[in-house]
Amino acid sequence: MRNRFDEQLESLNNSLIRMGALCEGAIANATKALLDGDHSLARRAIEIDTEIDQAEREVESLCLKLLLQQQPVARDLRQISSALKMITDMERIGDQASDISEMVLGFELRPAAHAAHIGDMARATIGMVTDSIDAYVRRDLDLARRVIEEDDTVDRLFLTVKRELLAGLTSGPAGGEAALDLLMIAKYYERIGDHATNIAEWVEFSITGLHKGELLG
């Protein structure tokens, strides 16, 4: 019975890895679409969001099956319940990558000087998503905590982009509109970082039995 349960847990890990890879792909495609003006990549990111939604349903079904059929002990229960929480954040990451892509398709965005910082935000958030899933699969508490710390980097980059874009509001109506659109996109990246942090916090819970809210309380 335990061997079967372990096989299902391994299947859960593999499904989460695949879902994480889809999130990475969605962010990467949306970012390249933004920086290069490539509408085909924007549409691909939107397609990936649909795949992420399907993956979420599959992982949710597997988690519920494990909970109902296997009657897991405390550690396993934490692992499964954490996965259920994580996939909600992963689904939202896909949504936000899709939102970025929708804006790329709808507006003539020209990132200009702040493009490097938006690209930096994208790379940082992709790394956070990758590491948070790796931390779950490997049960690596140190890696999960590094992801949580990395959110400060994304927040600092967002403030840098925000300052640069607000300066663009003085360049006239056209420049001001583009600056506001790009500020919204930068906010999407910041939210992606927040969701990756949430995932890492659930990884911490799956290992220690303590969640950030409990630690602060």
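Computed from a predicted structure; not experimentally measured.
Here CE of M19 is found 14.5 Å from CG of N14. Values are rounded to the nearest 0.5 Å. With values rounded to the nearest 0.5 angstrom, I148 atom CD1 is found 12.0 Å from D131 atom CG. Distance check, rounded to the nearest 0.5 Å: CG of L84 to CG of L67 gives 6.5 Å. To the nearest 0.5 Å, atom CZ of residue R57 and atom CD1 of residue I52 are 12.0 Å apart. Here H195 contributes atom NE2 and R191 contributes atom CZ; the two are 4.5 Å apart, rounded to the nearest 0.5 Å. Between the CZ atom in R75 and the OG atom in S206 there is a gap of 9.0 Å [rounded to 0.5 Å].
Of all heavy-atom pairs spanning R18 and A55, the tightest one is NH1-CB, 3.7 Å. Here the closest non-hydrogen pair linking V161 and H117 is CG2-CB, 3.5 Å. Between A45 and A26, the closest heavy-atom pair is CB-O, 3.7 Å. Closest approach of M90 to L16, counting heavy atoms only: CE-O, 3.6 Å. Contact detail for I27 and A122: the closest heavy-atom pair is CG2-O, 4.3 Å. Across every non-hydrogen atom of G119 and L35, the tightest pair is CA-CD1, 4.4 Å.
Residues W202 and S81 form no side-chain contact, since every pair of their non-hydrogen atoms from C-beta on lies 4.5 Å or further apart. Counting heavy atoms from C-beta on, the side chains of L210 and E204 never come closer than 4.5 Å. Looking at I118 and F158, their side chains never come closer than 4.5 Å, going by heavy atoms from C-beta outward.
In this structure, E201 does not pair ionically with R145, as no charged nitrogen and carboxylate oxygen lie closer than 4.0 Å. Checked for salt-bridge contact, R44 and E47 meet the test: a charged N lies under 4.0 Å from a carboxylate O. A salt bridge links K187 with E190; the closest basic N to acidic carboxylate O contact falls under 4.0 Å.
Hydrophobic clustering, with ILVMFWY side chains joined whenever heavy atoms are under 4.5 angstrom apart, groups M121 together with M184. Residues I46 and L34 are members of separate hydrophobic clusters, defined by side-chain heavy-atom contacts under 4.5 angstrom among Ile, Leu, Val, Met, Phe, Trp and Tyr. In terms of hydrophobic clustering, with Ile, Leu, Val, Met, Phe, Trp and Tyr side chains grouped at heavy-atom distances under 4.5 Å, L41 and I192 are assigned to different clusters. Grouping the Ile, Leu, Val, Met, Phe, Trp and Tyr side chains by contacts below 4.5 angstrom, directly or via other members, places L62 with I133. Hydrophobic clustering, with ILVMFWY side chains joined whenever heavy atoms are under 4.5 angstrom apart, groups I80 together with Y136.
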- Message: What verdict does the side-chain contact (heavy atoms from CB on, under 4.5 Å) test give for F205 and K85, after you've listed the backbone C-alpha separation in whole Å, the side-chain angles of each residue and the deciding distance to 0.1 Å?
- Response: CA-CA 11 Å; F205 168 77; K85 295 288 188 178; over 6 Å; no
- Item | Audit row: C63, L12, side-chain contact (heavy atoms from CB on, under 4.5 Å) steps and yes/no | CA-CA 8 Å; C63 286; L12 173 60; 3.7 Å; yes
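Shown here are the salt bridge (charged side-chain N to carboxylate O under 4.0 Å, His left out) partners of D36, two or more places apart in sequence or in another chain: K32. Legend: residues meeting side chain to side chain contact (heavy atoms under 4.5 Å, CB included) with L159, ordered by chain and number and at least two apart, are R163.
Although no hydrogens or angles enter the test, the distance criterion places no donor-acceptor pair under 3.5 Å between the side chain of S132 and the main chain of I199. Listed for the S11 side chain is no donor-acceptor partner under 3.5 Å among the backbone atoms of E7. Here the side chain of R138 pairs no donor or acceptor atom with the backbone of L143 at under 3.5 angstrom.
Side chain to side chain, E58 and S15 fail the donor-acceptor criterion of an N or O pair below 3.5 Å.
Of the listed residues (D120, T125, D194, T31), just one forms a side-chain hydrogen bond (donor to acceptor under 3.5 Å, both in side chains) with Y189, and that residue is T31.
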Quick one: side chains of residues 92-100, donor-acceptor pairs under 3.5 Å with protein atoms, not counting sequence neighbours, listed by atom name and distance.
none

